[in-house]
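Heads up: the structure comes next, in structure tokens.
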Protein chains: 2
Amino acid sequence: MAGAGGPAPTVAVDVAVFTVVSRALHLLLVQVQHGAFRGQWALPGGRVGLDESLDEAARRELAAQTGVGDVYLEQLYTFGSPQRDPQDRVVSVAYVALTPHDHPGNTRARTDAKKYAAVTWRRVSRLPPLAYDHQAVVKAALARLRAKLTYTNLAYNLLPRAFTLGELQEMYEAILGRRLDRRNFRKKIHSLGLLRPLARVRRGSHRPARLHAFQHRRPMIVEIL
Amino acid sequence: MAGAGGPAPTVAVDVAVFTVVSRALHLLLVQVQHGAFRGQWALPGGRVGLDESLDEAARRELAAQTGVGDVYLEQLYTFGSPQRDPQDRVVSVAYVALTPHDHPGNTRARTDAKKYAAVTWRRVSRLPPLAYDHQAVVKAALARLRAKLTYTNLAYNLLPRAFTLGELQEMYEAILGRRLDRRNFRKKIHSLGLLRPLARVRRGSHRPARLHAFQHRRPMIVEIL
DNA sequence: TCAAAAGTGTTGGAATTACACCCATGA
DNA sequence: TCATGGGTGTAATTCCAACACTTTTGA
């Protein structure tokens, strides 16, 4: 608990960043540059510095490796099996992060093509093999995401400012992996008073849909489903 | 993520062990032996070794410092603020542990008086000031415990093998901090089929109460309250 | 006029809450 | 006999799940 000791594990962070693109949940991956897993895909992350908190380290590594900033960030679980990294002993604090697809912070990962060549968004349903124990991390992150969507308003971190009720429902269906009854869904959302109808509508080759925004853009405990 | 680097935080574990003694929730504390917090009370814990997992480190430190073994153990959260330990940078993986009051593993903490002089069970409602950021750890541990009691059968880790329905209800009331309706509580517990009535009864200066045991002594997701 | 998504209520069943009296024992 | 906790059922309410048709627009 105090004083300097013998050999010790090092501390890293790994971040599972999710977003919803065209009705499908996507995960942000980077290509490993060094070591035994070189060339494989992995979660962005890296060593924790001496003078930064774990959250700060997660944000720093995420921005440095992918250009994605200003995400919702939540600590998930700490993975510390001695065998998880074959080279040396790394204890990794895993994070879940959420960001809207159209957010300026994450489009950078696509536009600055040279700098972020080894960065990609992949559909969660079609992930490549992942380095380290990152498949287990992603599995835990998905479970957390699914659970928290049902009893919090975290959805606001995945959608743009304005959206239709249909888009909100599609997002829930994409993440939870099941269909929801449209009438019951809207009834519930309305009764919770989470949303504010906007003046604008979204047009398409069908009846225009009213746009809505979240009343509050901060985490709240709300029983949604 | 790979290779050896510069100065790095060290990794420790801290364990918040709860039990229920005479209708009150208790927490296991140890006296700090070295450093700035010497003499103050703290959660048992210590450095993680190179060749052990985090769970193993938690069990090892718990047993070494308090003699308490064979507990239910669950990772809680990782605390990594640079200022949490004034001496050096320690990232601490916090655990919640549960054990029945009459369990052999924890009575050792009381009987081997010499070896475990600096170990004590304290009522959660009357905790002394704690070293490091352990007050925050305990707060998070309590929140986790309260939440999980309502949707899992973890209660079996806090009660002896055989108990009355009244004792089970008292345990819930002690931890959740609110009274429960006796008839509704029993109805719910019975309908879930979690318990097995035993032949024996508990006697007192009142009508004897039937003893029960948990049907399964392993973690299960069950909506209890 | 057609296709496509938006919008809207009701009903039956299930689950939850509130609530009061008698029972068996030891002192 | 009294004090103490053990044991039980019902009615009202709330919550949840199932279900279909009309509307508005662009093509």
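Atoms considered below: every heavy atom in the structure, side chains included; atoms not considered: hydrogens, waters and symmetry mates.
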Could you check whether any side-chain N or O of B/S191 sits under 3.5 Å from a backbone N or O of B/K188, counting only pairs where one atom can act as donor and the other as acceptor?
yes
To the nearest angstrom, the CZ-P distance between B/F185 and D/dG5 comes to 17 Å
Exercise. Under 3.5 Å, is there a donor-acceptor pair between the side chain of A/H26 and the main chain of A/A24?
Worked result: yes
B/H206 atom NE2 is separated from D/dT4 atom P, nearest whole Å, by 11 Å
| task | Examine distances only and state if a side-chain atom of A/D133 and a backbone atom of A/A136 form a donor-acceptor pair shorter than 3.5 Å. | result | no
Between CD of A/E223 and C1' of D/dT14 the distance, given in whole Å, is 15 Å
With sequence neighbours left out, the residues meeting salt bridge (charged side-chain N to carboxylate O under 4.0 Å, His left out) with B/R122 are none
query: Should B/R84 and B/D14 count as an ion pair when the cut-off is N to O under 4.0 Å?
result: yes
From CD1 of B/I189 across to P of C/dT16 the rounded distance in Å is 12 Å
Note: contacts of residues 166-174 of chain B with DNA chain C (heavy atom, under 4.0 Å) are none
A/L192 atom CG is separated from D/dC16 atom C1', nearest whole Å, by 13 Å
Judged by nearest nucleotide, the residue sitting upstream toward the 5' end of DNA chain C, B/L225 or B/S205, is B/L225
Checking the side chain of B/Q40 only, and the main-chain atoms of B/Q31 only, is there a donor and an acceptor separated by less than 3.5 Å? no
B/L165 CG to C/dA24 P, in whole Å, measures 17 Å
Looking only at N and O atoms, is any donor in the side chain of B/R203 or the base of C/dT25 less than 3.5 Å from an acceptor on the other one? no
In whole angstroms, the gap separating P of C/dC23 from CZ of B/R210 amounts to 18 Å
Between N or O atoms, less than 3.5 Å apart, protein on one side and nucleotides 8-14 of chain C on the other: list the pairs.
from	atom 1	to	atom 2	distance (Å)
C/dT10	O4	A/K187	NZ	2.9

When pairs are called at under 3.5 Å and a stem needs at least three consecutive Watson-Crick or G-U pairs, the stems of DNA chain D are C:1-27 with D:1-27
Closest non-hydrogen atoms of B/P160 and B/P100, given as atom of the first, atom of the second and distance, are N-CB, 4.0 Å
Which donor-acceptor pairs under 3.5 Å do the side chains of residues 163-170 of chain A make with protein atoms, sequence neighbours left out?
from	atom 1	to	atom 2	distance (Å)
A/T164	OG1	A/G166	N	3.4
A/T164	OG1	A/E167	N	3.0
A/E167	OE1	A/T164	N	3.0
A/E167	OE1	A/R202	NH2	3.0
A/E167	OE2	A/R202	NE	2.9
A/E167	OE2	A/R202	NH2	3.1
A/Q169	NE2	A/E173	OE2	3.1
A/Q169	NE2	A/L180	O	2.9
A/E170	OE1	A/R23	NE	3.3
A/E170	OE2	A/R23	NE	3.3
A/E170	OE2	A/R23	NH2	3.1

For residues 71-80 of chain B, tabulate all N or O donor-acceptor pairs below 3.5 Å that involve a side-chain atom, not counting sequence neighbours.
from	atom 1	to	atom 2	distance (Å)
B/Y72	OH	B/E74	OE1	2.4
B/E74	OE1	B/K148	NZ	3.2
B/E74	OE2	B/R144	NH1	2.7
B/E74	OE2	B/K148	NZ	3.2
B/Q75	OE1	A/T78	N	2.8
B/Q75	NE2	A/T78	O	2.9
B/T78	OG1	A/T78	OG1	2.4

Of B/L154, B/N153, B/L159, the one forming a side chain to side chain contact (heavy atoms under 4.5 Å, CB included) with B/N157 is B/L154
B/R179 atom CZ is separated from C/dT17 atom C1', nearest whole Å, by 17 Å
What one should report as the nearest heavy-atom pair of B/A162 and B/L198 is CB-CD1, 3.6 Å
